[in-house]
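Presented below is the structure to which this report refers.
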Amino acid sequence: MANAATETAVPHKENFAALLEESLGDTVRLEGTVLRGTVIAIEGDSALVDVGLKSEGRVALKEFAKTGEGTELKPGDEVEVYLERMENKNGEAVLSREKARREEAWVQLEKAFEKNERVSGVIFGRVKGGFTVDLSGAVAFLPGSQVDIRPVRDVSPLMGSPQPFQILKMDRSRGNIVVSRRAVLEETRAEQRSELVANLKEGQVLTGVVKNITDYGAFVDLGGVDGLLHVTDISWKRINHPTDALSIGQQVQVQVIRFNPETQRISLGMKQLEADPWEGVAAKYPVDARFTGRVTNITDYGAFVELEAGIEGLVHVSEMSWTKKNIHPGKIVSTSQEVEVMVLDVDEQKRRISLGLKQCLGNPWDDFLEKYTAGSELEGEIKNITEFGLFVGLPGDIDGMVHLSDLDWSRSGEEAVKDYAKGDVVKVKVLDVDVDKERISLGIKQLTEDPFGQAAETLKKGAVVTGTVHHVLDNGIEVQVGDGVLGFIRKAELSRDRSEQRPDRFAVGEKVDARVISIDKKTRKVTLSIKQREIQEEKQAMAEYGSSDSGASLGDILGAAFSRAAKEKETQEDASETGTEKKAKKKAEKKVDESADETAEKEEKKAKKKAEKKADESADETAEKEEKKAKAAKKKPAKAAKKSPKEPEESDAGDTPEAGDDTAE
């Protein structure tokens with residue numbers, strides 16, 4: 001009996017262990033699953049939920065609230081919760097409504113991912129590299145590059161509102177979901193684009209939203225396709241930057257200007273919807289009419305002036321001021337300044353109006369000409385010195401030029417300009433005023449009389465003048481004849497004798513007498529000749545006192561001429577001269593006698609040389625004749641001896657006188 005009882009007891013123990021293991025195994029399998037339970041009570045910020053286990057579990061009320069909504073939970077409501085553990089340290093089941101919702105969402109999301117369907121979610125947070133999205137309980141990651149087609153700086157308008165998303169990647173084991181809003185927009189955009197492009201035509205008027213603004217224009221979203229609105233097509237008036245007329249998100253009405261179906265590029269315009277202000281502009285703004293405008297833009301080459309909305313004209317830098325040259329327009333006018341301008345030219349086809357600013361002001365060149373005519377004298381300050389003259393400041397803020405050739409009568413311009421410095425006040429004479437070319441010619445030397453002109457009146461062609469050697473050159477000498485008058489004697493005209501035609505035999509300061517050959521008032525040149533003077537004096541002496549053929553030498557003739565001229569001069573001046581004057585006269589006569597003696601000696605030397613030359617030539621001729629006769633005499637006796645032996649004695653005796661005659665000859 002005891003053995004039977006023992007055997008019976010063992011199976012009972014085995015059955016209990018099996019039952020306990022079976023019971024506990026089922027319980028363990030419940031962990032990590034979603035269970036349906038009932039809300040028993042609301043205690044504080046948590047709800048007590050019975051899911052059919054040994055103990056109830058607590059779930060925070062905030063887990064029952066949907067994103068952006070409040071919690072509406074009361075006892076008796078049935079809810080689904082996620083069982084994390086059978087019990088905690090307090091003996092309560094660990095439940096989670098959020099994880100239960102996530103599990104539900106994962107199931108739906110997996111189905112949508114498999115079918116490549118869109119899901120709805122709400123962007124509720126920002127993380128590194130992107131944003132967090134609530135997909136009906138499941139939290140997904142939205143990369144920053146997948147928010148929109150174009151980069152978005154501010155995502156605040158998108159947060160908190162339901163948005164469509166496309167699931168790019170899912171990993172349930174890691175709880176990782178990656179979604180994209182850009183993929184949905186591109187797909188929608190492609191559909192809208194194809195529909196819009198199919199019906200798009202040039203000249204069509206559409207309504208769009210400004211999506212992006214650049215320096216050269218704005219991109220307008222036409223509903224699935226973007227078009228470029230260039231800055232020049234925004235308005236007829238000048239716009240420096242698109243932001244002056246547009247802003248992002250602004251709704252605008254535009255016209256399709258150009259459309260390329262191949263590249264699908266769309267050019268839009270806003271000003272084309274308005275009336276063209278350039279129509280009939282030539283009638284509204286006639287040439288030479290004056291108008292008031294506002295300076296809208298300043299460049300290096302001029303300033304733009306707005307005459308009315310959409311119509312601007314250019315004031316070139318050369319038309320801004322009469323006197324301010326080579327200056328930036330910004331130093332004459334400023335932006336937004338009201339100015340009076342004159343219309344110079346209108347080109348309606350090219351949409352150009354040329355304006356002038358200085359034409360509305362007085363012309364200082366005309367004003368100067370009214371006050372100072374040619375020949376007027378005035379003073380001015382030297383503003384600048386250049387290689388070709390002086391610039392002198394004149395009334396009216398204008399400049400006149402004194403050319404180098406108008407600085408001094410006698411000196412060269414390069415030499416005379418050294419006497420002047422910038423800032424000096426000089427007196428000038430107005431020579432000419434050219435209003436068209438805006439030039440005023442001035443002169444300094446014209447303030448005094450031309451010394452050459454005065455001297456040229458006293459000088460006569462053919463007259464003999466006395467001058468002083470001013471400069472010795474290789475090709476001649478310069479001689480100062482009068483005050484400020486220089487004459488030039490060429491090398492060939494320095495003397496009648498070629499051996500004396502050397503400039504180096506003259507010294508600076510030496511007195512010379514020369515004959516005036518020519519006077520050129522235009523070039524201010526006087527040509528002199530010593531050679532012509534000598535020839536003239538010789539002719540006069542030969543005509544008055546005889547010729548060299550009569551036996552008198554040229555020196556004698558010239559000497560007599562000089563002495564006679566001196567005596568006549570002395571006789572004429574004796575009565576009127578004082579003692580001092582007579583002494584001076586005697587010295588002068590002595591110099592004249594000395595020069596006459598020198599001239600006579602030179603002439604005598606020349607005559608002697610000629611005589612000696614002739615004597616030598618005649619002596620040579622006589623000697624040749626004697627030699628010929630001697631040879632002929634020797635030949636005659638030889639011929640006679642051949643004919644007869646007696647004849648030689650007779651011939652010798654008879655020929656002796658002849659020989660003697662020849663010898664005597």
Side-chain angles (χ1 to χ4, degrees), residues 145-155 157-158 163-164 166 180-282 284 296-297 304 306-314 346-353:
S145 60
Q146 298 297 321
V147 176
D148 205 330
I149 296 174
R150 297 182 184 274
V152 180
R153 296 181 180 179
D154 187 13
V155 192
L158 300 177
Q163 301 285 338
Q166 185 76 34
S180 171
R181 180 174 175 268
R182 178 177 178 176
V184 177
L185 295 177
E186 287 180 347
E187 185 178 348
T188 305
R189 181 187 180 90
E191 295 174 358
Q192 295 176 348
R193 186 186 187 98
S194 58
E195 182 180 353
L196 180 63
V197 168
N199 301 322
L200 197 62
K201 296 179 181 179
E202 293 185 1
Q204 187 176 355
V205 179
L206 302 172
T207 301
V209 178
V210 178
K211 195 171 185 180
N212 192 20
I213 295 177
T214 64
D215 293 336
Y216 52 86
F219 288 94
V220 179
D221 185 3
L222 301 176
V225 61
D226 292 347
L228 174 62
L229 176 61
H230 198 268
V231 64
T232 57
D233 293 317
I234 295 176
S235 176
W236 290 108
K237 66 179 182 180
R238 177 179 292 273
I239 294 180
N240 296 323
H241 196 272
T243 53
D244 297 341
L246 301 173
S247 59
I248 295 177
Q250 179 181 350
Q251 188 172 357
V252 292
Q253 195 172 18
V254 293
Q255 182 179 358
V256 179
I257 301 174
R258 286 179 300 275
F259 172 60
N260 190 338
E262 295 180 0
T263 60
Q264 294 190 351
R265 289 185 178 180
I266 305 172
S267 297
L268 306 174
M270 288 178 61
K271 71 179 184 180
Q272 285 76 9
L273 300 175
E274 302 173 358
D276 187 0
W278 283 89
E279 291 181 0
V281 70
K284 287 194 291 184
T296 57
N297 191 24
F304 288 92
E306 184 182 41
L307 300 177
E308 65 174 77
I311 296 181
E312 288 184 349
L314 172 65
V346 178
D347 191 337
E348 194 169 342
Q349 292 182 350
K350 294 183 179 179
R351 297 175 178 266
R352 292 179 181 176
I353 298 179

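D221 meets the side-chain contact (heavy atoms from CB on, under 4.5 Å) test with K211, D226; sequence neighbours excluded. Evaluation of the salt bridge (charged side-chain N to carboxylate O under 4.0 Å, His left out) rule for E187 yields R118 as partners, not counting sequence neighbours.
Remark: D244 CG to I234 CD1 distance equals 8.5 Å, nearest 0.5 Å. We find the CD1-NZ distance between I257 and K271 to be 8.0 Å, quoted to the nearest 0.5 Å. D233 CG to Q272 CD: the interatomic distance, rounded to the nearest 0.5 Å, is 5.0 Å. Put simply, CD1 on I239 and OG1 on T232 are 9.5 Å apart, with the number rounded to the nearest 0.5 Å. Expressed to the nearest 0.5 Å, how far CZ of R181 lies from CG of L158 amounts to 4.5 Å. In this structure, CG in L268 is found 12.5 Å from NE2 in H230, a value given to the nearest 0.5 Å.
Between M270 and Q253 the shortest side-chain heavy-atom distance does not fall below 4.5 Å. The shortest distance between side-chain heavy atoms of Q204 and L206 falls below 4.5 Å. Between V256 and K201, every side-chain heavy-atom pair lies at or beyond the 4.5 Å cut-off. Between I353 and E312 the shortest side-chain heavy-atom distance does not fall below 4.5 Å. Residues F219 and L228 have side chains in contact (heavy-atom distance under 4.5 Å, counting atoms from C-beta outward).
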Identify each donor-acceptor pair in which a side-chain atom of residues 274-282 lies under 3.5 Å from a protein atom, sequence neighbours left out, and give them as a table.
unit_1 : atom_1 : unit_2 : atom_2 : d
D276   : OD1    : W278   : N      : 3.1
D276   : OD1    : R351   : NH1    : 3.0
D276   : OD2    : R351   : NH1    : 3.3
D276   : OD2    : R351   : NH2    : 2.5
W278   : NE1    : G310   : O      : 3.2

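Summarising the geometry of G208 relative to L222, their closest heavy-atom pair is CA-CD2, 4.2 Å, with the distance given to 0.1 Å. In terms of heavy-atom proximity, L229 sits nearest to L246 at CD2-CD1, 3.8 Å. When all heavy atoms are compared, the tightest approach of A245 to Q250 is O-OE1, 3.8 Å.
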